[in-house]
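Keep in mind the model is a prediction, meaning the values are calculated, not measured.
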Amino acid sequence: LVLVLWMIGTVPFPHTRTGEPGTIAQAVKYAWDHPRLRRLLFSVMAIAASIDPLTTLAPALVTSYGLDSGKAPIILSSWGAGAVLGVTVGGRLMKRLFARRLGWVGLPTLSAGLVILATASSLPVAVVASLICGWGFITSVVSFTTTIQLEVPDELRGKVSALWTMCFLGPRVLSGLLDGRMADVI
């Protein structure tokens, strides 16, 4: 992290703060009163909940193919590779095609990957589906997060970022429990 921050260097557009930092109550009110921001935060929640089955159930998935659960990292690595492709090659291409609607392209891509993954009958198909999921995940979450950061007033950005963190991490606790229970039942 320190190396990456060092590589980034200084802020490209330094500016002085225009007011005092807002409170968390002001951030919640601001987020709720702005439908676009509210949709983006709820989308982040949906993304977080939707990727949890991939990470939670990868061992069960590979055992359903008759393989050792130790093969689960293959699926997770494929997801990571899809994310890398999403922020490099795919991100540049899609940004040119869709500009600010990039997240709304990534979200259905993630959904399509999850449907393919849920119906995959072999490890190679699951790997391709996971790659698609990774691309859709990173494309949508980075786009939505960037949009939130750019559109929120300076004095509320830190507090709204805290809301973003709650939206991203909070649902994963419940979805992990739900995924595990569904896997036991199914």
Got a donor-acceptor contact below 3.5 angstrom from the [X] side chain to the [Y] backbone?
X: Thr63; Y: Ala60; answer: yes
X: Arg172; Y: Asp52; answer: no
X: Thr56; Y: Pro53; answer: no
X: Thr139; Y: Gly136; answer: no
X: Gln26; Y: Thr23; answer: yes

Between side-chain atoms of residues 113-126 and protein atoms elsewhere (two or more places apart, or another chain), which donor-acceptor pairs fall under 3.5 Å?
residue	atom	partner	partner atom	Å
Thr119	OG1	Val115	O	3.0
Thr119	OG1	Ile116	O	3.2

Interatomic distance, [X] atom [atom1] to [Y] atom [atom2] [nearest 0.5 angstrom]:
X: Leu40; Y: Ile148; atom1: CG; atom2: CD1; result: 5.0 Å
X: His34; Y: Arg39; atom1: NE2; atom2: CZ; result: 12.0 Å
X: Ser130; Y: Ile51; atom1: OG; atom2: CD1; result: 10.5 Å
X: Ser50; Y: Asp179; atom1: OG; atom2: CG; result: 10.0 Å
X: Tyr30; Y: Arg157; atom1: OH; atom2: CZ; result: 9.5 Å

(message) Using a 4.5 Å cut-off between side-chain heavy atoms of Ile, Leu, Val, Met, Phe, Trp and Tyr, which other residues end up in the same hydrophobic cluster as Trp32?
(response) Phe42, Met45
(message) Whether the Trp135 and Thr109 side chains hold a donor-acceptor pair (N or O, under 3.5 Å, no angle test) is what I'd like checked.
(response) no
Looking at every heavy atom in both [X] and [Y], which two are closest together, and how far apart are they?
X: Ala27; Y: Leu163; answer: O-CD1, 3.8 Å
X: Gln149; Y: Ser161; answer: NE2-OG, 2.8 Å
X: Ser140; Y: Gly106; answer: CB-C, 3.9 Å
X: Val152; Y: Leu156; answer: CG1-C, 3.7 Å

Without placing hydrogens or testing angles, list every side-chain donor-acceptor pair under 3.5 Å for residues 71-84, not counting sequence neighbours.
residue	atom	partner	partner atom	Å
Ser77	OG	Pro73	O	2.8
Ser78	OG	Val127	O	2.5
Ser78	OG	Leu131	N	3.2

Heavy atoms, side chains only, cut-off 4.5 Å: are [X] and [Y] in contact?
X: Met182; Y: Val185; value: no
X: Phe137; Y: Leu54; value: no
X: Thr147; Y: Arg36; value: yes
X: Leu178; Y: Leu174; value: no

